[in-house]
Amino acid sequence: MEIELNRLTEEMKARKQTLAISSRSGSKIIRKTIQREQNRIR
């Protein structure tokens with residue numbers, strides 16, 4: 001049981017880091033897209 005919990009905790013930590021990275025790059029892409037659209041409108 002203890003080993004299983006440790007394994008799950010490690011997996012969650014790894015997943016959390018990849019999630020943080022993907023959401024950061026995702027917001028960067030969204031911001032770039034918005035800027036491009038605003039420049040096109042002007």
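Contact check on E10 versus R7 returns no salt bridge, with no Lys/Arg side-chain nitrogen under 4.0 Å from an Asp/Glu carboxylate oxygen.
In this structure, S27 OG and K32 NZ are separated by 11.0 Å, a value rounded to the nearest 0.5 Å. Of the inter-residue distances, the one linking T9 atom OG1 with E4 atom CD reads 10.0 Å to the nearest 0.5 angstrom. We find the CG-CZ distance between N39 and R42 to be 5.5 Å, quoted to the nearest 0.5 Å.
Listed here is the closest heavy atom pair of T18 and R15: OG1-O, 2.8 Å.
Residue I3 places its CD1 atom among 12 or fewer non-hydrogen atoms of other residues, nucleotides or ligands, all under 6.0 Å distant.
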Next item on the list: Go through the steps for L19 and K16 under the test side chain to side chain contact (heavy atoms under 4.5 Å, CB included), then give the verdict.
Entry: CA-CA 5 Å; L19 267 179; K16 199 167 80 175; 5.5 Å; no
